[in-house]
Amino acid sequence: MMKILTTLLLLIFSLAFFSCNEEKTYEYCDEFSRYLIEVHDQDINNNVTYFLLPVNGCENCIELNLKLLKEKKYNIQLIIIGHTFNENRSLLIESLSDNYSNILQDDKYGISQYRIGFSKPLIVTLENGKCIYHLNISDFKVDEAKKYLEKNAIRNHVQVI
(Lines give C-alpha, C1' and ligand atoms only; values in the text may rest on other atoms or scores of the structure.)
Protein backbone atom coordinates (compact mmCIF):
# COMPACT_ATOMS: atom_id res chain seq x y z
CA MET A 1 0.00 0.00 0.00
CA MET A 2 2.81 2.40 0.89
CA LYS A 3 4.58 1.64 -2.39
CA ILE A 4 1.42 2.43 -4.39
CA LEU A 5 0.89 5.66 -2.45
CA THR A 6 4.51 6.72 -3.03
CA THR A 7 4.24 5.96 -6.74
CA LEU A 8 0.97 7.87 -6.98
CA LEU A 9 2.44 10.93 -5.20
CA LEU A 10 5.51 10.84 -7.43
CA LEU A 11 3.27 10.74 -10.49
CA ILE A 12 1.16 13.66 -9.24
CA PHE A 13 4.24 15.81 -8.50
CA SER A 14 5.72 14.97 -11.89
CA LEU A 15 2.54 15.97 -13.69
CA ALA A 16 2.29 19.18 -11.69
CA PHE A 17 5.90 20.07 -12.42
CA PHE A 18 5.71 19.48 -16.16
CA SER A 19 2.28 21.06 -16.62
CA CYS A 20 3.34 24.23 -14.80
CA ASN A 21 6.40 24.64 -16.94
CA GLU A 22 5.34 27.46 -19.28
CA GLU A 23 8.64 27.54 -21.16
CA LYS A 24 7.53 25.98 -24.40
CA THR A 25 9.81 25.80 -27.36
CA TYR A 26 8.77 27.55 -30.54
CA GLU A 27 8.02 24.62 -32.82
CA TYR A 28 8.32 26.81 -35.92
CA CYS A 29 11.81 28.16 -35.16
CA ASP A 30 13.51 26.57 -38.18
CA GLU A 31 10.87 27.85 -40.59
CA PHE A 32 10.92 31.29 -38.94
CA SER A 33 14.70 31.42 -39.36
CA ARG A 34 14.34 30.42 -43.01
CA TYR A 35 11.75 33.19 -43.50
CA LEU A 36 14.10 35.77 -41.98
CA ILE A 37 17.00 34.67 -44.18
CA GLU A 38 15.12 34.18 -47.47
CA VAL A 39 12.67 37.08 -47.33
CA HIS A 40 14.50 39.69 -45.25
CA ASP A 41 18.18 38.71 -45.62
CA GLN A 42 18.63 38.70 -41.84
CA ASP A 43 21.61 37.26 -39.95
CA ILE A 44 19.90 34.90 -37.51
CA ASN A 45 23.04 34.57 -35.39
CA ASN A 46 22.53 38.06 -34.00
CA ASN A 47 20.59 38.49 -30.78
CA VAL A 48 17.38 40.15 -31.97
CA THR A 49 13.77 40.39 -30.85
CA TYR A 50 11.45 40.41 -33.85
CA PHE A 51 7.98 41.92 -33.67
CA LEU A 52 5.79 40.83 -36.59
CA LEU A 53 2.77 43.06 -37.05
CA PRO A 54 0.02 42.23 -39.53
CA VAL A 55 -1.77 45.35 -40.75
CA ASN A 56 -4.99 43.52 -41.60
CA GLY A 57 -7.17 41.47 -39.34
CA CYS A 58 -8.76 42.06 -35.99
CA GLU A 59 -9.23 45.82 -35.64
CA ASN A 60 -8.83 45.90 -31.86
CA CYS A 61 -5.79 43.61 -31.85
CA ILE A 62 -3.91 45.71 -34.39
CA GLU A 63 -4.81 48.99 -32.68
CA LEU A 64 -3.65 47.69 -29.28
CA ASN A 65 -0.33 46.55 -30.75
CA LEU A 66 0.19 49.81 -32.63
CA LYS A 67 -0.41 51.68 -29.38
CA LEU A 68 2.08 49.40 -27.60
CA LEU A 69 4.74 50.11 -30.23
CA LYS A 70 4.13 53.87 -30.09
CA GLU A 71 4.35 54.12 -26.28
CA LYS A 72 8.09 53.45 -26.04
CA LYS A 73 11.06 52.84 -28.25
CA TYR A 74 11.79 49.15 -27.92
CA ASN A 75 14.98 47.54 -29.15
CA ILE A 76 13.24 45.29 -31.68
CA GLN A 77 13.28 44.54 -35.37
CA LEU A 78 9.80 45.43 -36.54
CA ILE A 79 8.37 43.56 -39.53
CA ILE A 80 5.16 44.93 -41.05
CA ILE A 81 3.14 42.20 -42.77
CA GLY A 82 0.73 43.13 -45.56
CA HIS A 83 -0.69 46.46 -46.63
CA THR A 84 -3.83 48.35 -45.75
CA PHE A 85 -6.15 50.72 -47.50
CA ASN A 86 -7.38 52.11 -44.18
CA GLU A 87 -6.01 55.67 -44.19
CA ASN A 88 -5.94 56.10 -40.40
CA ARG A 89 -4.12 52.80 -39.93
CA SER A 90 -1.66 53.69 -42.70
CA LEU A 91 -0.84 56.95 -40.91
CA LEU A 92 -0.33 55.11 -37.61
CA ILE A 93 1.96 52.60 -39.26
CA GLU A 94 3.95 55.38 -40.95
CA SER A 95 4.34 57.12 -37.59
CA LEU A 96 6.12 54.02 -36.24
CA SER A 97 9.18 55.16 -38.20
CA ASP A 98 9.61 57.84 -35.49
CA ASN A 99 10.52 55.04 -33.07
CA TYR A 100 11.88 52.38 -35.41
CA SER A 101 14.31 53.35 -38.15
CA ASN A 102 14.82 50.01 -39.89
CA ILE A 103 11.31 48.63 -40.39
CA LEU A 104 11.18 45.58 -42.63
CA GLN A 105 8.20 45.20 -44.97
CA ASP A 106 6.50 42.04 -46.15
CA ASP A 107 3.70 43.61 -48.17
CA LYS A 108 3.51 40.63 -50.55
CA TYR A 109 2.81 38.21 -47.68
CA GLY A 110 5.98 36.19 -48.21
CA ILE A 111 5.37 34.91 -44.70
CA SER A 112 2.50 32.80 -46.03
CA GLN A 113 5.04 30.54 -47.76
CA TYR A 114 6.45 29.46 -44.39
CA ARG A 115 4.92 27.41 -41.61
CA ILE A 116 5.57 29.64 -38.60
CA GLY A 117 2.22 29.78 -36.79
CA PHE A 118 1.59 33.40 -37.74
CA SER A 119 -1.95 34.72 -37.49
CA LYS A 120 -1.70 37.47 -34.88
CA PRO A 121 1.07 39.88 -33.96
CA LEU A 122 4.05 37.80 -32.93
CA ILE A 123 7.20 38.32 -30.88
CA VAL A 124 10.16 35.99 -31.40
CA THR A 125 13.54 36.49 -29.76
CA LEU A 126 16.56 34.84 -31.35
CA GLU A 127 19.90 34.34 -29.62
CA ASN A 128 22.70 32.75 -31.60
CA GLY A 129 20.25 31.28 -34.11
CA LYS A 130 17.96 29.76 -31.47
CA CYS A 131 14.45 30.91 -30.64
CA ILE A 132 14.50 31.58 -26.91
CA TYR A 133 11.09 33.26 -26.61
CA HIS A 134 7.90 33.58 -28.60
CA LEU A 135 4.46 35.02 -27.98
CA ASN A 136 1.41 35.17 -30.21
CA ILE A 137 -0.16 38.44 -29.07
CA SER A 138 -3.92 38.13 -28.84
CA ASP A 139 -5.95 41.01 -27.37
CA PHE A 140 -5.58 39.39 -23.97
CA LYS A 141 -1.79 39.07 -24.18
CA VAL A 142 -0.86 42.67 -25.01
CA ASP A 143 0.04 43.31 -21.36
CA GLU A 144 2.21 40.19 -21.33
CA ALA A 145 3.96 41.41 -24.48
CA LYS A 146 4.48 44.84 -22.94
CA LYS A 147 6.03 43.33 -19.80
CA TYR A 148 8.35 41.17 -21.88
CA LEU A 149 9.44 44.09 -24.06
CA GLU A 150 9.97 46.37 -21.06
CA LYS A 151 12.10 43.75 -19.35
CA ASN A 152 14.06 42.54 -22.38
CA ALA A 153 13.91 45.11 -25.18
CA ILE A 154 14.11 48.64 -23.83
CA ARG A 155 16.46 50.76 -25.92
CA ASN A 156 19.57 51.70 -24.04
CA HIS A 157 20.21 55.39 -24.17
CA VAL A 158 23.65 55.93 -25.64
CA GLN A 159 25.46 59.01 -24.54
CA VAL A 160 27.67 60.55 -27.24
CA ILE A 161 30.85 62.13 -25.89
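Residues take their numbers from the sequence shown, with the count starting at 1. None of these values were measured; they are calculated from a predicted model.
A continuous path of hydrophobic side-chain contacts links L126 to I81 [ILVMFWY only; heavy atoms under 4.5 Å]. Hydrophobic clustering of Ile, Leu, Val, Met, Phe, Trp and Tyr side chains at less than 4.5 Å, counting indirect connections, unites L78 with L64. In the hydrophobic cluster analysis, where Ile, Leu, Val, Met, Phe, Trp and Tyr join through side-chain heavy atoms closer than 4.5 angstrom, I80 is grouped apart from I116. Hydrophobic cluster membership is shared by I137 and L92, with clusters built from Ile, Leu, Val, Met, Phe, Trp and Tyr side chains linked at under 4.5 angstrom. There is no path of hydrophobic side-chain contacts, each under 4.5 Å, that joins V124 to Y133.
Residue T25 holds its OG1 atom at 7.5 Å from CD of E27, rounded to the nearest 0.5 Å.
The two residues N136 and G117 have their closest heavy-atom pair at OD1-O, 3.5 Å. Contact between T84 and N86 at its shortest, heavy atoms only, is OG1-N, 3.0 Å. When every heavy atom of A153 is checked against every heavy atom of I76, the shortest pair comes out as CB-CG2, 4.1 Å. L135 and K141 make their closest contact through CD1-CD, 3.6 Å (heavy atoms, listed as atom of the first residue, atom of the second, distance).
The stretch residues 80-122 participates, sequence neighbours left out, in no disulfide bond (SG atoms under 2.5 Å apart) pair at all. For residues 44-65, every residue pair satisfying the salt bridge (Lys or Arg N to Asp or Glu O under 4.0 Å) rule, not counting sequence neighbours, is listed here: E59-R89, E63-R89. Residue pairs meeting the salt bridge (Lys or Arg N to Asp or Glu O under 4.0 Å) criterion with at least one partner in residues 107-132, sequence neighbours excluded, are absent. A disulfide bond (SG atoms under 2.5 Å apart) check over residues 80-153, counting only residues at least two apart or in different chains, returns the pairs C29-C131.
Here S95 pairs with K70 under the side chain to side chain donor-acceptor pair (under 3.5 Å) rule; sequence neighbours left out. Residues passing the side chain to side chain donor-acceptor pair (under 3.5 Å) test with D30: none are found, sequence neighbours excluded. Partners of Y114 by side chain to side chain donor-acceptor pair (under 3.5 Å), not counting sequence neighbours, listed by chain and number: E38. Residues that satisfy the side chain to side chain contact (heavy atoms under 4.5 Å, CB included) test with K72, not counting sequence neighbours, are Y74, E150, I154. Residues satisfying the disulfide bond (SG atoms under 2.5 Å apart) test with C61, not counting sequence neighbours, are none. Residues that satisfy the ring-ring contact (aromatic ring centres under 6.0 Å, His included) test with Y28, not counting sequence neighbours, are Y26.
Inter-residue side-chain proximity for I103 and L96 is flagged as met; some heavy-atom pair is nearer than 4.5 Å. Y148 has its side chain within reach of I123: a pair of non-hydrogen atoms, C-beta onward, lies under 4.5 Å apart.
Its side chain outside the 4.5 Å cluster rule for every partner, L91 clusters with none of the Ile, Leu, Val, Met, Phe, Trp and Tyr residues.
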Expected list for residues 42-56: side-chain donor-acceptor pairs under 3.5 angstrom, two or more places apart:
residue	atom	partner	partner atom	Å
Q42	OE1	Y50	OH	3.1
Q42	NE2	H40	O	3.4
D43	OD1	N45	N	3.0
N47	OD1	N128	N	3.1
T49	OG1	T125	OG1	2.9
N56	ND2	H83	O	2.7
N56	ND2	Y109	OH	2.8

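Under the 3.5 Å distance criterion, the side-chain polar atoms of N99 are matched with a main-chain donor or acceptor of L69.
At a threshold of 4.0 Å, the pair K147-E144 does not count as salt-bridged, since none of the basic side-chain nitrogens sits closer than that to a carboxylate oxygen.
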